[in-house]
Asks: 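Before I ask anything, let me first share the structure, which is written out below as structure tokens.
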Amino acid sequence: MRTWSLLLRKELLESVRNYRWIWIPLVFLVLGIMNPVTNYYMPQILEASGIAAEVAEQIPMPTPTETIAKSLSQYGTLGLLVLVISFMGVVAGERQTGAAIMVLVKPVSHTSYIIAKWTAMTAVTLVAFGLAHLGTWYYTGVLFDWVPFAAIWQSFLLYALWLILILTLTILLSSLLTSAGAAAFSTLAIAALISLLSQLLGNAMTWSPGRLTGEASQILLTGHGSDHLWLSIGVTVALIVALLACAVAASKRMWTRA
Amino acid sequence: MNLLSVKELTKRFGTNTAVDRISFKLEQGHCMALLGPNGAGKTTTLKMLSGLLSPTSGAIQMGESQHERKDIRASIGYLPQYPAFFSWMSGREFLELSGKLAGMTGKEASSRARELLARVGLETAAKRRIGGYSGGMKQRLGLAQAVVHRPQLLILDEPVSALDPQGRREVMELLKEMKQETTLLFSTHILHDAEEICDDITIMHQGKIVIEGSLQQLRRQHQKPQIRLRVEHVRPAWIEELRGKPYVQDLRVESEQIIMEVTALTEARQQLLQEFAEQKIELESFETGRTTLEDLFMKAVQG
């Protein structure tokens, strides 16, 4: 516990010094707020691009909840890319430079070492995504109409769980693979595969973590999730725990065997 | 008292045996140098001793008690061959973190960090980012982090190999100081460094210990009388003839110099000089002496 909190402080400070605390929230905030703002100016944008007013009127204006749901899907692509790229070297990079030796030669367990990193990654991500989600909600409320806050925080929790799963996958692959780039690529490939399969085989994969993003949108749009909501939450939490355990074991193995 | 006992320690990577059943003991307060050419298995051995690498087989025991199951890393300070740091941290921050990770309280760690920074000459650089440190400064910071928690055993992997002459001197002086306070085990491929500060040396070659003992003992046992000579027009046949002499134990030719290990110096000198005169061999130089530890080292790692 003690070494965990010391290492957590080190990780958080590192994120401050390399500006992760600034640019990751900034990217998320921009991705999120862009939607309500462009929707608000849509008539002017259409006019400027020379589309006749009659045609423009026929384009349906997205509802406030649709606007927020659209922002969520932005985090799923660009947001994920930013997260994975900024955290891909979290274990592999330290191992490659040799800086990790300086920590692991002190009486520090691999569990503390990995979990501290994971906690710091989760903290940065939750703050970034939370700010972005709040910002989107605020601008949508000011420019269009206010969405009930209950839907906002419920969708936040569901979507955050999906992001945390991807972070956990990143740290696992970063512990398993020697190259940070390979870790990033495989993480993104696996995330894409989970999302794709969950969409294609909708009925067979009601338990899939990939459903969480859809559930988050659905809560925004309809106010409640599907019948299988709790199943996919349970599976995701279990997966996060299992992947973390694997990451700890992988880190230990990498060090003591080779 | 033995601080460290190593028994049949082995490490295999796949089919390659990096360390092959080595056993040795290190007495408390002593300084031991682990010598050997690159690839002899020194780094692998030190990594196993410091708990970074798990042995394939064999035992490492710290202290006397058999039952001590404590984390070995708490009583060891380790400096890797190429120390790398978090470049975004300052020297002081890094030392404080190291101390706290090793179990010191925040207060202890910060006063110890201040003391050590002064001692390794990094006082003025304490607040600067490590990313801007020179190689010598990093090595001194590495040394400071190794001793921050006052370990019983200090393990250093090639502490001076990568440094320029000045940095090397600074680190050697620090090692001499630290030797007074703790038990020291370090690896090097330079015999001279070992002779300068150590009591005991252990020479490794291809994963095995080939020679071990105290410096004094090794000097006594292995220093043999030696004759070095240079002649004009060396004939191979003549060298073979020399090699066959009863008093010549070992003969090698090094940059046109003939180096002979002999059993009895007086007898050998007399006979050789007489022979040169009779055969009218044009002698350029003739020198007698004793084999050095360097010779012993070279012989051990070549044979």
Side-chain angles (χ1 to χ4, degrees), chain A residues 1-23 86-87 89-117 120 124 175 178 180 248-258, chain B residues 11-14 16 18 43-44 46-56 70-90 93-106 109 129-131 138 141-142 144-146 148-149 151 154-155 157:
Chain A
M1 255 331 249
R2 207 183 98 86
T3 49
W4 170 79
S5 76
L6 286 168
L7 288 174
L8 175 60
R9 247 176 290 168
K10 174 244 155 196
E11 293 293 332
L12 292 176
L13 185 65
E14 179 165 12
S15 291
V16 170
R17 297 262 168 96
N18 63 22
Y19 304 109
R20 262 184 209 149
W21 277 112
I22 298 184
W23 67 270
S86 42
F87 291 120
V90 74
V91 179
E94 263 187 21
R95 188 169 48 216
Q96 204 146 41
T97 61
I101 287 190
M102 294 304 204
V103 169
L104 291 170
V105 79
K106 300 286 182 245
V108 170
S109 69
H110 286 268
T111 313
S112 302
Y113 179 69
I114 293 289
I115 306 279
K117 286 186 177 300
V124 176
S175 315
T178 41
V248 170
S251 165
K252 199 181 237 162
R253 212 190 127 75
M254 271 302 223
W255 277 103
T256 54
R257 309 264 158 212
Chain B
K11 181 72 188 177
R12 272 189 289 273
F13 298 109
N16 170 34
T43 297
T44 309
L46 296 186
K47 275 191 173 166
M48 285 193 281
L49 295 182
S50 50
L52 282 170
L53 206 59
S54 57
T56 308
K70 229 178 56 186
D71 195 333
I72 198 172
R73 293 176 295 178
S75 33
I76 280 180
Y78 174 74
L79 174 66
Q81 187 168 4
Y82 307 106
F85 301 90
F86 305 111
S87 51
W88 51 270
M89 268 190 182
S90 74
E93 281 170 342
F94 181 76
L95 273 190
E96 286 179 358
L97 176 68
S98 292
K100 285 189 271 187
L101 285 177
M104 299 170 99
T105 65
R129 301 264 165 104
I130 303 173
K138 280 185 186 162
L141 181 64
Q145 69 76 36
V148 70
H149 54 302
L154 187 55
I155 297 179
D157 195 359

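Letters A, B, ... mirror the listed sequences (proteins, then strands); counts begin at 1. Because only heavy atoms are used, hydrogens play no part in the values below, and waters and symmetry mates are left out as well, while side chains stay in.
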Asks: For B:Leu101, is it the side chain, the backbone, both, or neither that has a heavy atom closer than 4.5 Å to a heavy atom of chain A?
Replies: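 Its backbone and side chain both get close to chain A.
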
Asks: Hey, are B:Glu93 and A:Arg9 close enough for a salt bridge, meaning a charged N less than 4.0 Å from a carboxylate O?
Replies: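 Judged by the 4.0 Å cut-off on N to carboxylate O distance, B:Glu93 and A:Arg9 do not form a salt bridge.
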
Asks: What part of A:Ser112 gets within 4.5 angstrom of chain B, counting heavy atoms only: side chain, backbone, both, or neither?
Replies: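 Contact with chain B: none, neither part.
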
Asks: At a 4.5 Å cut-off on heavy atoms, which part of B:Pro83 comes close to chain A: side chain, backbone, both, or neither?
Replies: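 It is both, since atoms from each part get that close.
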
Asks: Please identify each residue that fulfils salt bridge (charged side-chain N to carboxylate O under 4.0 Å, His left out) with B:Arg12, with sequence neighbours left out.
Replies: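 Once residues adjacent in sequence are excluded, B:Arg12 has no partner under the salt bridge (charged side-chain N to carboxylate O under 4.0 Å, His left out) criterion.
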
Asks: Quick check on B:Met48 against chain A: is it the side chain, the backbone, both or neither that has a heavy atom closer than 4.5 Å?
Replies: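 For B:Met48, neither part sits under 4.5 Å from chain A.
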
Asks: Any chance you could measure B:Arg129, atom CZ, to A:Arg17, atom CZ, to the nearest 0.5 Å?
Replies: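 Reported value, rounded in 0.5 Å steps: 5.0 Å.
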
Asks: Working to the nearest 0.5 Å, report the span between NZ of B:Lys100 and OG of A:Ser5.
Replies: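 That separation rounds to 9.0 Å.
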
Asks: Between B:Ser98, B:Pro151, B:Ser87, B:Ser50, which shows the greatest number of heavy-atom pairs under 4.5 Å with chain A?
Replies: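 Between B:Ser98, B:Pro151, B:Ser87, B:Ser50, the count favours B:Ser98.
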
Asks: Of all the heavy-atom pairs spanning A:Pro107 and B:Ala102, show the shortest one and how long it is.
Replies: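 In this case the closest contact between A:Pro107 and B:Ala102 is CD-CA, 4.0 Å.
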
Asks: Using distance only, find each side-chain donor-acceptor pair of residues 91-106 of chain A under 3.5 Å and give its atom names and separation, not counting sequence neighbours.
Replies:
from: A:Glu94; atom 1: OE1; to: A:Tyr113; atom 2: OH; distance (Å): 2.6
from: A:Glu94; atom 1: OE1; to: A:Lys117; atom 2: NZ; distance (Å): 3.3
from: A:Glu94; atom 1: OE2; to: A:Lys10; atom 2: NZ; distance (Å): 2.7
from: A:Glu94; atom 1: OE2; to: A:Lys117; atom 2: NZ; distance (Å): 3.0
from: A:Arg95; atom 1: NH1; to: A:Ser175; atom 2: O; distance (Å): 3.2
from: A:Arg95; atom 1: NH2; to: A:Ser174; atom 2: O; distance (Å): 3.4
from: A:Arg95; atom 1: NH2; to: A:Ser175; atom 2: O; distance (Å): 3.3
from: A:Arg95; atom 1: NH2; to: A:Leu177; atom 2: O; distance (Å): 3.0
from: A:Thr97; atom 1: OG1; to: A:Gly93; atom 2: O; distance (Å): 3.4
from: A:Thr97; atom 1: OG1; to: A:Glu94; atom 2: O; distance (Å): 3.3
from: A:Thr97; atom 1: OG1; to: A:Ala99; atom 2: N; distance (Å): 3.3
from: A:Lys106; atom 1: NZ; to: B:Gln145; atom 2: O; distance (Å): 2.9
from: A:Lys106; atom 1: NZ; to: B:Gln145; atom 2: OE1; distance (Å): 3.1

Asks: Measuring from A:Trp255:CH2 to B:Leu52:CG, what's the distance to the nearest 0.5 Å?
Replies: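 So the gap between those two atoms works out to 6.5 Å.
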
Asks: Let's test your reading of the structure: which of B:Phe85, B:Tyr82, B:Phe86 forms the most heavy-atom pairs below 4.5 Å with chain A?
Replies: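 Counting heavy-atom pairs under 4.5 Å, the top option is B:Phe86.
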
